[in-house]
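Everything numeric in this text was worked out from a predicted model, so none of it was measured. In what follows, residues are counted from 1 in the order of the sequence shown.
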Amino acid sequence: MEREQQKLYCQIIARLVLVDEDVSDEEHAFLEAQMDRFEFDDATRDEVLEGLDLAKPMAELASGLSKETGDDLLKVLRSAADADGRFDDR
């Protein structure tokens, strides 16, 4: 997976955990673990967070992912949403 795809992947996870405007320690740890997975340095981690566009629809963000990256992301989004133990499946 290319670096820009990795950053977008983590931005989508960040958007998901920010949806309730309350990032728990568990959600923060989950996002950090994903950035660790991609071996992001501090500057890249900052780029991920500073590049968040909260106004852009998630579908538009996801459209920037390759099919392979999107498929991989779908596997972890449920875990990201449930990281704080409060998953609302509505």
Side-chain angles (χ1 to χ4, degrees):
M1 184 183 321
E2 294 179 16
R3 189 54 118 199
E4 290 304 311
Q5 290 281 294
Q6 293 171 342
K7 290 186 334 189
L8 181 55
Y9 182 106
C10 289
Q11 285 175 331
I12 292 171
I13 292 172
R15 280 281 305 276
L16 181 69
V17 300
L18 284 169
V19 75
D20 63 1
E21 299 178 357
D22 180 29
V23 180
S24 69
D25 291 341
E26 294 83 5
E27 289 170 325
H28 185 262
F30 188 90
L31 178 58
E32 287 292 320
Q34 293 304 308
M35 291 194 283
D36 288 346
R37 170 183 169 203
F38 297 127
E39 300 178 351
F40 286 176
D41 59 19
D42 290 341
T44 305
R45 290 168 193 264
D46 289 344
E47 288 174 21
V48 166
L49 299 176
E50 291 169 4
L52 281 175
D53 182 353
L54 300 177
K56 188 179 277 191
M58 284 287 251
E60 189 176 332
L61 286 173
S63 71
L65 295 173
S66 68
K67 178 169 178 7
E68 180 181 295
T69 302
D71 290 347
D72 184 67
L73 178 62
L74 284 174
K75 294 175 186 174
V76 301
L77 284 180
R78 171 65 192 234
S79 296
D82 196 34
D84 65 356
R86 296 179 290 154
F87 181 78
D88 183 351
D89 61 358
R90 285 183 276 160

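Rounding to the nearest 0.5 Å gives a distance of 6.5 Å between CG of D36 and CD of E32. A distance of 4.0 Å separates CG of D72 from OH of Y9, quoted to the nearest 0.5 Å. To the nearest 0.5 angstrom, R37 atom CZ is 5.0 Å from M1 atom CE. Distance CG/L65 to CD/Q11: 10.0 Å, rounded to 0.5 Å. Within the model, atoms NZ of K7 and CD of E2 stand 12.0 Å from one another, a figure rounded to the nearest 0.5 Å. Rounded to the nearest 0.5 angstrom, Q34 CD and Q6 CD are separated by 11.0 Å.
Under the rule for a salt bridge (charged side-chain N to carboxylate O under 4.0 Å, His left out), D46 has no partner lying at least two apart in sequence or in another chain. R3 meets the salt bridge (charged side-chain N to carboxylate O under 4.0 Å, His left out) test with no other residue; sequence neighbours excluded.
Side-chain N or O atoms of R15 include none that pairs as donor or acceptor with a backbone N or O of L52 at under 3.5 Å. Put simply, the side chain of Q5 never gets that close to the backbone of G70: no donor and acceptor are under 3.5 Å apart.
More than 12 heavy atoms of other residues, nucleotides or ligands lie within 6.0 Å of CG in D71, so this atom counts as buried by the packing criterion.
The side chain to side chain contact (heavy atoms under 4.5 Å, CB included) test with L8 singles out one residue from L61, L73, T69, V48, and that residue is L61. Among I13, I12, L16, the single residue meeting the side chain to side chain contact (heavy atoms under 4.5 Å, CB included) criterion with V76 is I13.
In this structure, L31 and C10 approach most closely via the heavy-atom pair CD1-O, 3.6 Å.
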Requested in this report: Before giving the answer on side-chain hydrogen bond (donor to acceptor under 3.5 Å, both in side chains), spell out for E68 and S66 the whole-Å C-alpha distance, their side-chain angles and the decisive distance to 0.1 Å.
Outcome: CA-CA 5 Å; E68 180 181 295; S66 68; 5.8 Å; no

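When side chains are defined from C-beta on, D41 does not count as touching E47, because their heavy atoms never get closer than 4.5 Å.
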